[in-house]
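In what follows, every chain begins at residue 1, and chains take the letters A, B, ... in the order their sequences are listed.
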Amino acid sequence: MSIRVRYAPSPTGKQHIGGIRTALFDYFFARANNGTFILRIEDTDRERFHKDALQDIYDSFHWLGITWDEGPDKGGPFGPYLQSMRKDLYQNYALELIEKGAAYYCYCTPERLDSLRNEQQKRKKGETGYDRHCRDLTETERKSLEEKGTAKVIRLKIPLEGEVLFHDELLGDIKTMNKDINPDPVLLKSDGFPTYHLAHVVDDHLMEITHILRAQEWLSSAPLHILMFQAFGWKLPKFYHLPLVLGNDGHKLAKRHGSTSITEFREKGYLPEAIMNYVSLLGWSYDDSRVFFSKEDLEQLFSLEKLNKAPAVFDFKKLEWFNGQYIRKKSGKEIISLVKPYLKKAGFIHEPATEEEEKIIKGMIPLIHERLHVLSDVTELAGFLFHDPVLKDKNEFIPKRLDREKTLQVLEACAALLSDFDSRTDTENEESFRNKALELQVKLGDFLLPLRIALTGSRVSPPLFESIRLLGVEKTKERVKQALSFLSQE
RNA sequence: GUCUCCUUCGUCUAGUGGUCAGGACACCGGGUUUUCAUCCCGGCAGCAGGGGUUCGACUCCCCUAGGAGAUGCCA
């Protein structure tokens with residue numbers, strides 16, 4: 001039987017690292033086994049639904065280059081793939097469960113449920129969850145509630161005794177006493193929409209899903225899902241509860257850990273290759289040493305056997321390292337087009353860029369390429385090529401081993417050296433500067449520092465001589481002049 | 001509180017009874033160098049604890065501890 005897997009996000013917020021990791025595993029597993037990858041949108045929570053979130057799912061996937069074989073926009077033999085369009089279907093299945101005695105109507109108001117929960121929390125001990133108030137309503141009680149038009153939901157009737165035993169392909173056999181299962185969870189909400197529990201079981205069956213890969217946060221409700229599969233008399237898919245991705249505080253990854261949504265990573269200048277590579281290594285590995293994997297590699301190499309059970313902490317530093325690696329693999333040409341949007345956004349260049357701007361960009365790439373960790377670093381690194389530096393701290397100019405007088409002297413010497421800068425090669429220039437530094441009894445690094453700051457506004461910059469050539473000697477001279485007067489101010 | 005899952009360097013991980021416990025990021029040194037970055041070389045650092053099983057346990061079993069998740073008319 002051919003493999004069919006699905007990624008089933010709910011459009012309630014931006015796609016985060018955790019969800020994408022699951023999606024990637026689904027996708028790679030399908031590709032590596034000539035299976036089918038399905039995208040199903042679980043938009044059954046009408047209150048939390050966001051149109052932008054739906055778009056974000058598509059955007060994130062397109063950007064990463066993940067394609068699906070069946071989905072809302074693509075169609076397929078088991079559609080529609082938008083759960084809100086399958087509403088009636090779920091109602092029928094919920095009714096079927098009632099007929100089978102596996103579910104029942106509940107007329108409890110949200111208010112009653114709230115106060116119930118409050119009391120339970122106050123008590124701290126003992127029972128939690130629904131008290132099964134409506135489970136054994138008599139027919140007459142039910143009828144009178146119906147006549148009053150009380151809103152109702154459908155709840156799953158969890159057996160009071162016994163246990164559920166199921167096998168997780170990753171975690172092994174898992175046994176749960178029925179009394180420990182969430183007491184009678186809601187299947188069909190009062191607005192007629194199903195909850196996740198009902199919807200995914202119905203759809204996974206109808207869509208002939210063979211493997212369910214989902215995060216471990218679902219593990220505790222898995223027994224209840226098993227119960228439903230059994231009540232319907234359906235064949236069980238294989239379950240893989242994937243380890244969670246945690247933030248550096250050890251908790252489930254969430255907004256508070258900074259920007260962990262894919263679109264935010266994208267905006268900061270992370271490459272899809274880097275994200276894909278890094279995220280794939282969260283809870284999965286290939287062998288004892290290989291770390292670089294392209295999408296194509298993963299589409300072939302990925303296997304469920306190499307999955308890890310323990311949760312993984314998301315490490316921004318390592319992602320950044322991967323990103324730097326992938327940036328360095330790009331050609332200069334690629335970097336140019338990758339970096340341009342950031343220059344535009346910063347207001348450094350026009351749209352489209354002028355000829356002069358193009359020239360500068362082309363020239364600066366070799367200088368900044370290997371200094372880039374994320375693409376947005378470009379504005380910091382190359383800003384001085386597009387605007388004069390802001391001089392704000394005199395002490396910045398003064399090297400540790402020098403004082404202000406000496407620094408002024410050094411800067412004057414640099415200005416003098418600059419006059420026939422263009423007539424010399426870089427090697428010759430270096431020699432002249434070196435000689436002058438020697439003459440003034442200053443280390444070359446110290447000698448060049450004030451000039452570097454005059455030019456770029458920072459102690460850290462791309463190589464000096466190349467930078468001077470790029471910006472032009474005339475402009476450099478002006479900046480040195482400004483620096484000189486700034487530094488001589490009392 | 002209760003239930004469930006998890007536990008190898010700070011982090012991601014390899015390891016499936018006999019290894020000097022391997023790799024990567026981070027970190028710390030050193031080298032290259034006009035700063036930074038890159039690059040190269042080197043280093044620090046781990047089997048949570050306790051019992052078993054076994055000739056032999058990181059590997060198997062039990063207990064303890066710690067962590068996480070769930071406990072919603074959210075997914």
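Base pairing analysis places B:C44 opposite nothing; no Watson-Crick or G-U wobble pair with both distances below 3.5 Å involves it. Nucleotide B:A14: unpaired (no Watson-Crick or G-U wobble partner with both distances less than 3.5 Å). In a base pair of the Watson-Crick type (N1 to N3 plus N6-O4 or O6-N4) or a G-U wobble (N1-O2 and O6-N3), with each distance short of 3.5 Å, B:U71 is matched with B:G1. Using N1 to N3 plus N6-O4 or O6-N4 for Watson-Crick, or N1-O2 and O6-N3 for G-U wobble, each under 3.5 Å, B:G66 pairs with B:C6. Across all strands shown, B:C39 forms a Watson-Crick or G-U wobble pair, both distances under 3.5 Å, with B:G31.
Between A:Lys152 and A:Glu146, at least one side-chain N (NZ, or NE/NH1/NH2) sits under 4.0 Å from a carboxylate O, which counts as a salt bridge.
With both ends at atom P, the span from B:C58 to B:G1 equals 33 Å, rounded to whole Å. If you take atom C1' in B:A45 and the same atom in B:C9, they sit 5 Å apart, rounded to whole Å. When the C1' atom is used for both B:G22 and B:C5, the distance is 28 Å, rounded to whole Å. B:U8 and B:G67 have their C1' atoms separated by 16 Å, given to the nearest Å. Taking the P atoms as reference points, B:G18 lies 29 Å from B:C25, given to the whole Å. For B:C36 and B:A75, the C1' atoms lie 46 Å apart once the distance is rounded to whole Å.
One N or O donor and one acceptor, one from the side chain of A:Lys318 and one from the base of B:A24, sit under 3.5 Å apart. In this model, a side-chain donor or acceptor of A:Arg452 finds a partner on the base of B:U34 within 3.5 Å.
Residue contacts for A:Asn248: at a heavy-atom cut-off of 4.0 Å it reaches no nucleic acid atom on any strand shown. At the heavy-atom level, A:Leu171 lies under 4.0 Å from the strands shown only through sugar-phosphate atoms. Contact annotation for A:Leu187: no contact, since no heavy-atom pair falls under 4.0 Å across all strands. No contact: A:Pro223 has no heavy atom under 4.0 Å from any strand.
Annotation for A:Lys175: atom NZ does not count as buried by contact number, only 12 or fewer foreign heavy atoms lying within 6.0 Å.
Of the listed residues (A:Asp180, A:Thr176, A:Asn178), just one forms a side-chain contact (heavy atoms from CB on, under 4.5 Å) with A:Pro223, and that residue is A:Thr176.
Rounded to the nearest 0.5 angstrom, A:Glu396 CD and A:Ile453 CD1 are separated by 5.0 Å.
Closest to the side chain of A:Glu217, from the set B:C74, B:C73, B:G69, is B:G69. Nearest nucleotide to the A:Val460 side chain, out of B:G69, B:C6, B:U35: B:U35. Here the side chain of A:Thr195 is nearest to one of B:U2, B:C73, B:U34, namely B:C73. Distance from the side chain of A:Pro463 is smallest for B:U35 among the nucleotides B:A14, B:U35, B:C25.
At least one side-chain heavy atom of A:Ile20 sits under 4.5 Å from a side-chain heavy atom of A:Phe61.
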